[in-house]
Each structure stands twice: as structure tokens, then as C-alpha cells.
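Questions regarding the structure given below will be posed in turn.
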Amino acid sequence: MSLILEKIDHVVNGATHIDNVSLELAPGSFNVLLGRTLAGKTTLMRLMAGLERPTHGRILMNGHDVTGVPVRKRNVSMVYQQFINYPSLTVYENIASPLRLAGVEAREIDRRVRETAEMLHMEALLERYPQELSGGQQQRTAMGRALVKDAEVILFDEPLVNLDYKLREEFREELRELFKTRKAIAVYATTEPNEALALGGHTALLHEGKLLQYGRTEDVYHRPQNILSAEMFSEPPINVLPGMVSGSEVTFDRRVHFSLTDDLKRLAPGQYQFGVRASHITLGPQSPDDLGLPVSVDLAEISGSETFLHVHNDLFDLVVHLAGVHEFAVDQEITVYLPPHKMYAFDREGAVVHIPPHLEGA
Amino acid sequence: MAEITLKSLAHTYVAKPQSPQDYAIREMTHVWHQGGAYALLGPSGCGKSTLLNIISGLLEPSEGEVLFDGQVVNALPPEARNIAQVFQFPVIYDTMTVYDNLAFPLRNVNTPEQRVRERVTEVADVLELGALLKQKAKNLTADEKQKVSMGRGLVRDDVSAILFDEPLTVIDPQLKWKLRRKLKEIHQRFGITMVYVTHDQLEASTFADKIAVMYEGQVVQFGTPRELFEVPAHTFVGYFIGSPGMNFLEVTVRGRDLYSGDTRIPLDEGLVSAAARSGSNNIKLGIRPEFIDVMHEPGAETLEVEVNRVQDLGTYSIVSCHLGQTPLKVRVEEGQHVEGPRCHVRFVPERVGLYVDEYRVELGQ
Amino acid sequence: MNKVRNNHAWWLILPMLLLVAFSAIIPLMTVVNYSVQDVFDPYTRFFTGTEWFQVMLNDPALQAALLRQFAFSLTILAIEVPLGIGIALIMPKQGWQASAVLILVTLPLLIPWNVVGSIWQIFTRGDIGLMGWGLRELGYGYNITRSPADAWATIVLMDVWHWTPLIALLCYSGLRAIPEAYYQAARIDRASKWAVFRFIQLPKLTNVLVIGILLRFMHSFMIYAEPFVLTGGGPGSSTTFLSQSLTTMAIGQQDLGPSAAFSLIYFLIILLVSWVFYTAIMHRQKDPTTQGER
């Protein structure tokens, strides 16, 4: 089962919601749609489901054109942000409902409901009603309904946003386990880069209705094609420094400069934007090439096991991502180190022209 | 200015409590010092909101005492306690201007207009609301509204503590860190005791000097963000703080060694004897994913694990593996490659914690 | 191409158009039709243009009824709105008392208009009515068939009794919708009860009050059954309101043309006042610079 979108446009009242998107999802693949709010994730999913009809372009499922086929006649299921269940039905009946609608025989229904419940660790809760469940369990029930009917395409529209972060961690892991053995195509929309990374599989970056990049999740992350991809697929966002390359050195704002390292030598002289991941900036030099920058601390955000350090000097605002808990006072003066050999370089149009050598072709 | 003391405090919503489960807050004693930045952190239903309401005076505790600077205030209503509170959803007076909103608490006690103007101008300045003073509060953005409600606490000279109840819930993610910074700045400048209630570890750790982690009505640890990360005092803290949380291995004492299933865990002798002395059958070892090393070759202190999955999270990877029956998560930094199906790990000895009946046992105790 | 396809969509609103036509346009057009003709009998009619409108606008009896009508509507609004808010404020917020009070308050709303008239007619009778008898016993010569002031006051009282519960109910629901945090914040800010009312409760009630006042205005402007049963419009014409004048003219005297013109004028007045009122309030709410005084 493959799903192919061919040059899809979706225009509503003159506003383009999806702009010329072509995408080919392989059978059994797990795909993440990553983009900010209003990037077009939900619209794209609705198009895949057949809830909307594209203005232009074709949708092919297993080689058949299904562009005009309504959702009822496609074998898809969808899980939403809100926990949507039938309040008057038990968990068992909720999960069984798609099968009952399809007229599956009673014994088969029972077998599949129990099998699905077991996968989702809901066996003990089958006789409960949705309002007697916690948020996480309600969402499991909704997922059960989506999973029970061997759909060819299963769509998840930010299913975890309303759960707290410990539950999200558990869910992500289970979800990946669930899909290891399924033949269905999974599509999962999220706004969080870290969620895309945790889910793995393939990632499609969406921005303002356009597809920026699609590929294996690690590839998209490590080898962004342009600055927008790099910014969108990083949390905290990648630091961008405008710089000037001359014959022998790189200069940031005429003041900070360093000699061209071997791998940066092929950059033609001119203006570039350099990207440094927050996690690559360190508090001590890691190699003799590292570029020390005196900065003052805006805020150290601590997330339990990690620290996001917001710093600035009169040229840049930077975010530094450190492992472990580090305490800093507001306005404390420190030096941070930028590693030139881990920098990305983008040209003036934003296209990537240099990827750190350790990631190239990996 | 005040020091807040909770003395043998407990609260129940049940008329005749029978068991500890009947308590929303189980007995606790804490001192919150003047000028400190504190956070109450815990999942929903842990009792943190109950505790906040007891401190603010909206709820009278069923047992124990709340003291402000040594004065028992159990029965005092919020208006008599000199505290201010910022709520989850911005509470502002819609029909008033920003200026009138900020002036409101002062005018309510008939402060001379001259003084009102001084205070409002000063506070608006700190909160960067100066340009908005003449606007209707109703038309502000969520973060500005939250600043206004904070400002209403700051204008008063007599406010001794500001309580925050998940104040950033409705704020745009991009603006959150700016508001967090503002909070810290205000704390440093005004020296007011601040108590921040949240379920979010990032907010708690970023804001507070000391965090009270609550679980089932109890404060299971009261410590700095670093302590919560490095030496969690309770298994819940280990699990709740950090993503992924701490690994726990159930172990049994056999002779002079600790075993997880049939695997001997090489450990410091002091730890083993502490475990043996406890006599409990609920003994766990806690080790954070950050403090497990992956080795290429087996060595003296290594353990062989079965690798299930390697998640590349960009900056680092999380290796999910099994030590016998126990799942383990190991964090490996970017650039280090782990290949399955089996590999060797080593627990950094000084980072292993011993947990007896869910609480950490400090060696030498 | 697109245009042709779009035109098909118009057929979809045809049922709606038909419905509106039957419910509003056709009856209204009949009235418009009569208002510009002089009908002698089914076969004889003359076109009169705006003549009936001029006659009606210049009719002193109708002018008086119109003034009386405004005076009545404003009087009952001035009493019912503050009273309704007051009742809503003191109604219990929870427990069985809340349900009990809610039912008690709602009771008058469930009684049909003409029954209300009959109830009050008996209630105010000097011989057997509790109120009429009581007032006379207290030494006040209460008589709604003789004293215009008594009749007027009684009708106002009856309307207040009948309809204040509506305002109270609307306000009660409005008050219930205010999150507890607002009251907590106000306590922490040491706001007085009056300040809580003025700056929290009243602003949050604005929307329901707009609906309440509009409903009550339109309602009271069309009041008919109660005064008709209670006083029959008298003594004299002291309690004859617009709708009664109209009915007398159309049904009693069969003056179809003038009463049709009058109906239209009546309709336009209600429409105009409601529109002015609504836009004024909505506009004030949107305007960020005005002070929320009221």
C-alpha cells in the first residue's frame, strides 16, 4: 500500500492552504508532518483522508487514483488532538464501533477488540465509560478505534498535545512499537521538532503550505537543504550568524573573526549565514579552533536534566543547549565557544552550501 | 516581607479521615525564607493547588498551622494576609485601563493619588508596560495581561509574597522564556518571596532556587534543581524529573552482593551493606540515563545488555535496552555509535543511588 | 465556467427563501398593500398613497398612546433591570437552596399573559382581592377603574412581577459564568463589595443585559393582553397602549387602511429603537478608548 500525492494544491476562498505538494509515502512507513501551527499539516491530512478534495493534483493509493473518492470509501482512520470517543459507549464498544459499522461478524469483533486493547494496555478498562478514564486512557481508546479496523492509512493529528510530558514519552515509544509490524502507512502531525526526532521514521517539513523537505528523519535533521528547514527542525532553534568570508578568514560583523578551516576553504568569498546548533556551543573550548565569545546571560532555562542558556552580546543573541543542570545568574558574564567545524553555511538565498564534514554523506 | 512556615500542616476534604489516602496534603513541615524563589512541582492531583490555596488563605487547613513571620494566619482571609496571586488565566479588570488596573489595589485602601502615580509608574516601568498605561486592559495580549496581574501585586509595599498558579499556561511558546526572564529579574529586584506552582519541570527549575516536588499529597523532595537531577530523594522525583527519567532496578541482597534478577551488579561496598542493613524487600538502584557509559569491550564493572532500539534525537541518542528483564535507557552523546544486538554498559559509581522503600538512602546515615 | 457552477448553488437556498416568504414577507406585504389603499368593500378600493400614514402620524390619540407607550417601557426597564440584577446577586449559588430559589423565581414566567391579567384583576379588586382590599383597609382609596394613577401603577407593578424574573435569570447565568479566580483576585486586591460589582460583575453582565433589555423593550412595546384584561385601557385612555389602539381600530372599526399604515409605523419604531440600542452598545464595547462607565 503506497500513498502518492501528485502536485497537490488546495485553495480555499482564494487563500492557498497547500501549495504544490508532491509526496510519496512508502508502504508500512511511519511519517511525521512537522510544521508550525497553520503550516498546513491538518489540511494535508484531511486531503489524504478524503475529507477535502484538492483544487489541483492527484492522490494515488496503490496506484489507483482516489482523488475524488470520499472518506467513507477509503480505508483510513484518524486520531485527533481532542480525545474523541462516544460518551455513552464503553471502551469495548468504542473500540468495536468501526467494526460494527463495517458489519464484521461478532466473534471476529470480539477477537480484534481484545487484541487491540491488549496492544494498548487497556484490557482491564474495557467495561468503563470514557468519562471514567484519565486523559491518557481516553486517548488510548480513541487510538484503539483507529487501529482496530486495519486501515491502510492511519492519520494522527497532534494526538499528544493535551497530555503531560511523561505520558507523551510513553506514548511515543509505544506508538513506534505498534507500527513496527503493521503494514499501514502512518502519518503523524506535530509542531515539535523533538517529537519528530523521537518518533523517527520519515519526516516531511511543511511551511506555509509548502513542502520544504522530505526524507529519513535523521537525514532531514542533519542535512537541511536550506536555512528554513534548519530553523524549523531544531529545538531550541539553530543559531544563525551572518558572516563574511574573505580569502583567509570568516568575519562576523567586522569584529569577531577566525581563519578559514580546511573544510570551509571551498566557500567563495562573500556574505553567508552560518548556522550553529545550540548543543554544539560549549562553555569550554573543545578544540583549538573553537571561537570564544564573551557574552552575558539572559536566562538559564533548566528542564530537569538539561539547560537552555540564553545569552547575548552586542552582536548576537544565542541559545546554548547544555546537558545537565547548570545555574547562572541573570546578566552573569561568561565565555561560550563556537566550533567552526560543526557550522553549517547558507548562501544569501538561504540554500545550504556547507554541511559539517562529519555529517556529510553519513 | 515574610517568612512562611508550614507547621505540621495537613489537609483533608473528608470529614473523618481514616487513612493517609484521605488526605489531599499529608503532614508536612517547611520553612520558606523571606525573599526566596520557590516552586511547587508535581503532576495533576498531587495536592499542589490545595497547598497554594492554604497559603493564600482561600482554604483553611484542617490540621497544623500556617505562619507568616511567626504569626499564625490559619483563619485569616486572603485580603488580610498581604499576599498577591497570579492565576493560570489572566485576571484583569476588563473595563479599566492598564493604569487603573495597576492602581486598583492602592485605591482600594485610599492611597493618595500622588503615591499611586509613583508606584504605578515605577512598576509599569519594570514590567515594560509604560507605553500601554492608557490602553484598555481588555485589548492586551495574554502575556501583557499576565504582567498586569503581576503588577497589581508589585505596586503594594505591603505585599510579602507573590503566588503564581501555572501563570504561563496561556502564553505563546516563543514569549514564554522572555516572561520567565522577567520573573527572575523582578524577583532579584524586589526581593519578594515568590511561590510558583506548576506541573512543568522546565518552568519550576528555571524559576526557582528551591523546588518542592509533590506526589500524592506529600513533598517528597525539597531541593535545588541540581539536587533534583543529581540526587533525587524519592523514586518519583527520579522518574518525574528529566526526560527520559531515572532508571530503576529492583535488586535483592544475596550474601555480599546485589542482584538484579540473576545479574550481579558491581557496586561500592558501602552501598551494598546499606542495602543489606535496611532489611527491606523493596530495594532499588537508581541511575540516570546520563550517567551510564556504553563500552565497546567488557570490563571489570560492565554489564551486558540487550539493545532494543537506538533513537537519534539529533543532539544525542537514547539507547533503549534490557538488563535481564529490566528496561534501561542510556543517553549517548552525538558521534558515539551504538550497535546492537548486545553491548556493555557501566554505571558511573558515584551516580548510583540506593532507594529503600522508594526513598533514597544516603550513605553514612 | 465557475460562475455557471456557482449559480446552481442558489437553488439550495430556495427552501429557506420560501420559508422566509411565508413567515415574514407575504404577511408584511399584505399590510403594505392595505396601507396605501382605501378599501370600501371587496370590489371597491382606491389608491391613497401616503395619506393614511399622514393621518396616523397626526392623530393626537395615537400620539398620546405612543408617548404613553415609551413612558411605560422606560419605566418598567428602569425598575426591572436593577431589580433583576439585585435578585440575581442575592440568589444562592449552590446546593438545594439554589434549585429551590430558581424554581420560585421562574414561576411568574410560566403564566400566560391573559391569565396574568385575570390574576391581577382579581388580586386588585376592592371587595375580594387581597391587594385592593388590603390597601382600602389601610385607608388608601385604591381604585383602578377610577384613578389613572392607580391603574398605571398597577400595570407597572404587574409587569415588574411578571418579567423581572427574566432579567434575574439572565443575570444569574451571567454571574455563574464568572470564574472564581476573579473573585479571589479581587479579595487579594482588597476590593470592596461595590468595587467587585462595578468592575467584575457588571462588565461581565453586559452581554446578557443587552439581550435582556432588548427582549424586555420589544416585549413591553407590544404589551396587550394584560392591560386589556386588567383595565381595558382605562380609566379613559390612561392605560391604552399602542397595540390596543391598533386592535380597536382594525378589528373594532374595520379601518383597514389606517390600521395597516399604523402597523407599519409601529413595526418601524420597534425596529429602529432596537437597532439604535443594539448598535450603540456594541459600538461602545468595541471602542478601546472609551471608559466603561454606565
Side-chain angles (χ1 to χ4, degrees), chain A residues 36-37 134-135 164-170 172-173 176-177 180 191-200 216-222 233-237 277-280 297-308 310 319 321-327 329-331 342 358-359 362, chain B residues 41 43-45 172-174 176-185 187-189 199-209 211 224-230 237 239-246 288-291 308-318 320 327 329 331 333-335:
Chain A
R36 298 183 185 141
T37 358
S134 68
D164 77 49
Y165 83 99
K166 277 289 160 190
L167 273 175
R168 289 194 214 180
E169 276 174 36
E170 285 169 26
R172 280 178 204 147
E173 212 151 303
R176 287 300 282 144
E177 287 301 312
K180 256 186 182 167
T191 54
E192 292 172 38
N194 291 335
E195 184 158 46
L197 285 166
L199 288 164
R216 284 180 53 225
T217 301
E218 307 97 272
D219 289 345
V220 177
Y221 176 81
H222 289 300
F233 201 172
S234 51
E235 177 60 41
R277 291 205 186 275
S279 54
H280 290 155
V297 173
D298 283 321
L299 179 68
E301 288 186 293
I302 301 166
S303 91
S305 52
E306 296 170 311
T307 306
F308 304 99
H310 298 257
V319 186
H321 180 179
L322 305 166
V325 173
H326 305 262
E327 284 134 4
V330 169
D331 294 333
K342 288 184 181 168
H358 70 285
L359 295 171
Chain B
L41 173 67
S44 58
D172 253 12
Q174 293 92 331
K176 275 187 179 171
W177 83 267
K178 293 200 168 148
L179 218 56
R180 287 190 195 114
R181 183 191 145 86
K182 190 59 50 200
L183 277 178
K184 285 205 90 114
E185 201 183 302
H187 178 251
Q188 285 174 4
R189 170 157 174 176
H199 67 274
D200 183 333
Q201 54 169 338
L202 183 120
E203 265 167 42
S205 323
T206 302
F207 171 79
D209 304 330
I211 300 173
T224 63
R226 182 193 286 272
E227 285 165 354
L228 300 188
F229 174 66
E230 291 178 355
V237 180
Y239 157 82
F240 195 69
I241 301 288
S243 36
M246 201 173 208
R288 290 223 176 253
E290 290 85 352
F291 302 130
N308 305 108
R309 188 167 168 235
V310 181
Q311 266 179 294
D312 183 351
L313 295 181
T315 18
Y316 58 90
S317 298
I318 295 294
S320 306
K329 294 224 187 301
R331 172 175 163 142
E333 293 309 313
E334 192 178 356

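Only heavy atoms go into these numbers, but all of them, side chains included; no hydrogens, no water, no symmetry mates. Each chain gets a letter, A, B and so on, in the order its sequence line appears, and its residues count up from 1.
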Not counting sequence neighbours, which residues clear ring-ring contact (aromatic ring centres under 6.0 Å, His included) with A/H280? List them please. none
Side-chain contact, heavy-atom cut-off 4.5 Å: B/L41 with B/I241? yes
Counting heavy-atom pairs under 4.5 angstrom with chain B, the leader among A/A198, A/G324, A/A196 is A/A198
Close side-chain approach of B/L202 to B/K176, heavy-atom, < 4.5 Å: no
May I ask you to name which of A/N194, A/L199, A/D298, A/V330 has the most heavy-atom pairs under 4.5 Å with chain B? A/D298
Mind ranking B/Q311, B/K178, B/R181 by heavy-atom pairs under 4.5 Å with chain A and telling me who comes out on top? B/R181
Residue among A/H310, A/E169, A/R176, A/E173 with most heavy-atom pairs under 4.5 Å to chain B: A/H310
Heavy-atom distance under 4.5 Å between the side chains of B/R226 and A/E327, does that happen here? yes
Using 0.5 Å steps for rounding, measure from the CZ atom of B/F229 to the CD atom of B/Q201. 10.0 Å
When the 4.5 angstrom heavy-atom criterion is applied to A/A300 and chain B, the contacting part is backbone
Can you tell which of B/D200, B/D312, B/N308 has the highest number of heavy-atom pairs within less than 4.5 Å of chain A? B/D312
Most chain A-contacting option - heavy-atom pairs closer than 4.5 Å, from B/P43, B/G245, B/S320, B/G242: B/G242
Using non-hydrogen atoms and a 4.5 Å limit, figure out which bit of B/F207 sits close to chain A: side chain, backbone, both or neither. neither
Do you know which of B/E290, B/H199, B/R180 has the most heavy-atom pairs with chain A at a distance under 4.5 angstrom? B/R180
Within-4.5 Å side-chain heavy-atom neighbours: A/Y221 and A/R277: yes
Contacting region of B/K329 [heavy-atom separation from chain A under 4.5 Å]: side chain
If one checks every heavy atom of A/E170 against chain B at 4.5 Å, the contacting part turns out to be side chain
Those residues that, when tested against A/H321, pass ring-ring contact (aromatic ring centres under 6.0 Å, His included) (two or more places apart): A/F308
Under a 4.5 Å heavy-atom cut-off, does chain B meet the side chain of A/E301, its backbone, both or neither? both
B/L228 versus chain A, heavy atoms under 4.5 Å apart: side chain, backbone, both or neither? neither
Against chain A, label B/Q188 side chain, backbone, both or neither, depending on which of its atoms sit under 4.5 Å from a heavy atom there. side chain
Is the side chain of B/K184 donor-acceptor paired with the backbone N or O of B/T206 at a distance under 3.5 Å, no angle test? yes
For B/Y316 and A/E306, which heavy atoms make the closest approach, and how far apart are they? CE2-OE2, 3.3 Å
Heavy-atom distance under 4.5 Å to chain B: side chain of A/V319, backbone, both or neither? neither
Looking at B/E203, B/E185, B/R309, B/R331, which has the largest count of heavy-atom pairs under 4.5 Å with chain A? B/R309
By a 4.5 Å heavy-atom criterion (distance strictly below it), what part of B/R288 contacts chain A: side chain, backbone, both, or neither? neither
Would you confirm whether A/S279, through its side chain, and B/T315, through its main-chain N or O, come within 3.5 Å as a donor-acceptor pair? no
The interface call for B/E334 against chain A, heavy-atom contacts under 4.5 Å, is side chain
Pairwise distance CD1(B/I318) to CG(A/L197) - rounded to 0.5 angstrom: 11.5 Å
